[in-house]
Amino acid sequence: MNVHVPPFSVTGASSGFGKSLTEFVLAKGDIVVATLRKPEVLQELSASYSKERLLVLKVDVINQADIDLAFARTKEVFGRLDVVFNNAGYLVLGDAETTPIDTARSLFDVNFWGAVNVSRAAIKFFREVNEPGRGGVLLQNSSVVAVEALPGAPFYSAREHVALDGVSEALAMEILPQWNIKICIIQTGGFGTNVAANAMVLPDNPIYEGKASILANVGKFIQLGDPAKFVKAIYSLVEGGKMPLHLPIGQDTLGAVQRKVESLGKEISEAAPWSADLLYDDINIGGYHAKL
């Protein structure tokens with residue numbers, strides 16, 4: 001095993017970024033714990049590698065017992081785990097008004113709470129199973145929609161924009177420096193994965209006639225990025241050791257970030273007058289009185 005790149009655990013390893021990263025890490029001669037709901041999907045890959053190189057485990061991220069068992073098996077087989085690529089999820093396409101609430105909740109159960117459950121287990125493993133100070137890297141696979149929401153995918157956007165990225169930022173501030181645990185929120189742009197092809201597509205709402213259709217909006221999310229180049233970049237990032245909290249990746253994501261920065265700058269300037277005189281004239285906090 002390459003001593004510079006530790007064992008990887010990849011959730012959602014059945015397709016897309018998860019499968020691409022699994023294959024790339026294995027080709028580099030390293031170890032992968034691949035978790036997915038249907039292990040038979042990786043049957044051919046499993047036949048090509050020994051269990052000392054590839055451990056395939058059945059995990060549904062909405063099931064805490066599955067997650068706990070996967071980390072326990074990882075400890076039993078390898079004794080350590082230093083990189084977790086938190087990637088399981090899917091896309092629902094439908095407008096905010098009429099997407100059934102049960103459908104939106106199911107998406108959050110997988111894409112948000114599933115990711116949270118994996119994150120908690122990963123942090124605990126890094127701190128309590130790995131040797132003291134070794135730490136680990138938690139890679140949160142987010143999206144460009146965390147920066148710029150996508151009409152037609154409001155709940156998918158909300159999971160990235162507020163939920164997962166917000167929890168990950170708070171978690172990064174909560175963990176103690178001596179644990180040596182690093183978190184990176186990877187905000188991916190449009191890459192040629194099967195996320196759109198596998199999406200749950202709800203009917204267009206005729207109330208919004210004249211607006212672009214759901215599929216037309218998603219069509220703007222052009223998938224020009226090469227997943228093979230993406231996983232190579234992520235592998236190099238881990239290998240290099242310098243881990244940013246946020247990694248907007250892809251030219252479209254960088255463009256979205258730039259537009260957001262410009263938009264927020266304008267909004268701050270326009271909003272400033274409304275906050276010019278909102279403080280108490282007399283402030284008494286904790287027994288101390290101040291006159292402004």
Side-chain angles (χ1 to χ4, degrees), residues 1-13 16-35 49 53-54 74 78-88 115 118-119 121-123 125-127 129-144 146-147 160 164-165 167-193 224-258:
M1 183 180 68
N2 185 334
V3 297
H4 300 295
V5 182
F8 278 68
S9 174
V10 178
T11 68
F17 290 135
K19 187 176 183 183
S20 294
L21 184 61
T22 297
E23 293 172 340
F24 186 87
V25 173
L26 288 169
K28 282 290 186 178
D30 297 305
I31 293 171
V32 178
V33 179
T35 69
Y49 293 94
R53 293 282 312 287
L54 173 61
T74 300
F78 300 118
R80 64 181 249 235
L81 176 66
D82 296 325
V83 181
V84 171
F85 183 58
N86 203 0
N87 171 68
V118 171
S119 298
I123 295 298
F125 193 107
F126 294 154
R127 184 184 62 242
V129 177
N130 288 349
E131 60 188 63
R134 183 179 185 87
V137 174
L138 176 59
L139 302 172
Q140 305 284 53
N141 194 24
S142 181
S143 167
V144 62
V147 180
E160 315 287 359
L164 181 62
D165 286 23
V167 167
S168 300
E169 288 178 7
L171 181 58
M173 290 185 281
E174 291 168 354
I175 55 181
L176 301 183
Q178 58 265 35
W179 297 346
N180 195 30
I181 298 172
K182 300 177 177 67
I183 296 175
C184 180
I185 304 165
I186 305 171
Q187 296 165 329
T188 57
F191 283 83
T193 68
L224 296 179
D226 183 345
K229 292 181 178 179
F230 168 84
V231 298
K232 182 179 180 180
I234 297 306
Y235 185 93
S236 297
L237 176 73
V238 172
E239 193 174 35
K242 186 176 181 180
M243 201 64 53
L245 178 58
H246 295 93
L247 180 66
I249 187 166
Q251 292 298 320
D252 48 350
T253 303
L254 295 177
V257 171
Q258 185 61 50

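Closest approach of S20 and P227 over heavy atoms only: OG-CB, 4.1 Å. Taking both residues in full, the closest heavy atoms of V129 and G79 are given as CG1-O, 3.9 Å, listed atom of the first, atom of the second, then distance. Residues Y49 and L54 share a closest heavy-atom pair of CB-CB, 4.0 Å. The nearest pair of heavy atoms linking Y235 to V25 is CD1-CG2, 4.0 Å. Shortest non-hydrogen contact noted between I186 and F85 is CD1-CE1, 4.2 Å. Between A256 and V147, the closest heavy-atom pair is O-CG1, 3.6 Å.
At a threshold of 4.5 Å between non-hydrogen side-chain atoms, the residues P244 and L237 count as touching. Counting heavy atoms from C-beta outward, V10 and T35 have side chains that stay 4.5 Å or more apart. Contact annotation: the side chain of I31 never approaches that of F8 to less than 4.5 Å [non-hydrogen atoms, C-beta and beyond].
We find the NZ-CG distance between K232 and D226 to be 10.5 Å, quoted to the nearest 0.5 Å. Between atom CZ of residue R127 and atom CD1 of residue I181 there is a gap of 6.5 Å, rounded to the nearest 0.5 Å. In this structure, L171 CG and I123 CD1 are separated by 4.5 Å, a value rounded to the nearest 0.5 Å. The distance from atom CG of D165 to atom OG of S143, rounded to the nearest 0.5 Å, is 9.0 Å.
Judged as a side-chain hydrogen bond (donor to acceptor under 3.5 Å, both in side chains), and not counting sequence neighbours, the contacts of N180 are K182. Listed by chain and residue number, E262 satisfy the side-chain hydrogen bond (donor to acceptor under 3.5 Å, both in side chains) test with Q258 (two or more places apart in sequence, or in another chain). Partners of F230 according to the ring pair (Phe, Tyr, Trp, His ring centres under 6.0 Å) rule, which considers only residues two or more places apart in sequence or in another chain, are F17, F191. Taking E131 as the reference, R134 meet the side chain to side chain contact (heavy atoms under 4.5 Å, CB included) condition, with sequence neighbours excluded. N86 is linked by a side-chain hydrogen bond (donor to acceptor under 3.5 Å, both in side chains) to S119, Q140, counting only residues two or more places apart in sequence or in another chain. By the side chain to side chain contact (heavy atoms under 4.5 Å, CB included) test, A172 is found to be paired with I183, L245, residues two or more places apart in sequence or in another chain being considered.
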>> Quick one, N141 with L139, criterion side chain to side chain contact (heavy atoms under 4.5 Å, CB included). Give me CA distance, side-chain angles, the key distance, then yes/no.
In response: CA-CA 6 Å; N141 194 24; L139 302 172; over 6 Å; no
> Would V137 and D82 satisfy side chain to side chain contact (heavy atoms under 4.5 Å, CB included), going step by step from the backbone distance to the final call?
Replying inline: CA-CA 6 Å; V137 174; D82 296 325; over 6 Å; no
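Not a single donor-acceptor pair under 3.5 Å links the side chain of D30 to the backbone N or O of P7. The backbone N or O of A88 sits less than 3.5 Å from a side-chain atom of T11, completing a donor-acceptor pair. Between the N130 side chain and the R80 main chain, no donor and acceptor come within less than 3.5 Å of each other. In terms of modelled atom types and a separation under 3.5 Å, the side chain of T253 and the main chain of G189 share a donor-acceptor contact. For R53 (side chain) and L26 (main-chain N/O), a donor-acceptor pair under 3.5 Å exists by modelled atom type. Of the possible donor and acceptor atoms, one in the side chain of T188 sits under 3.5 Å from a partner among the backbone N and O of S142.
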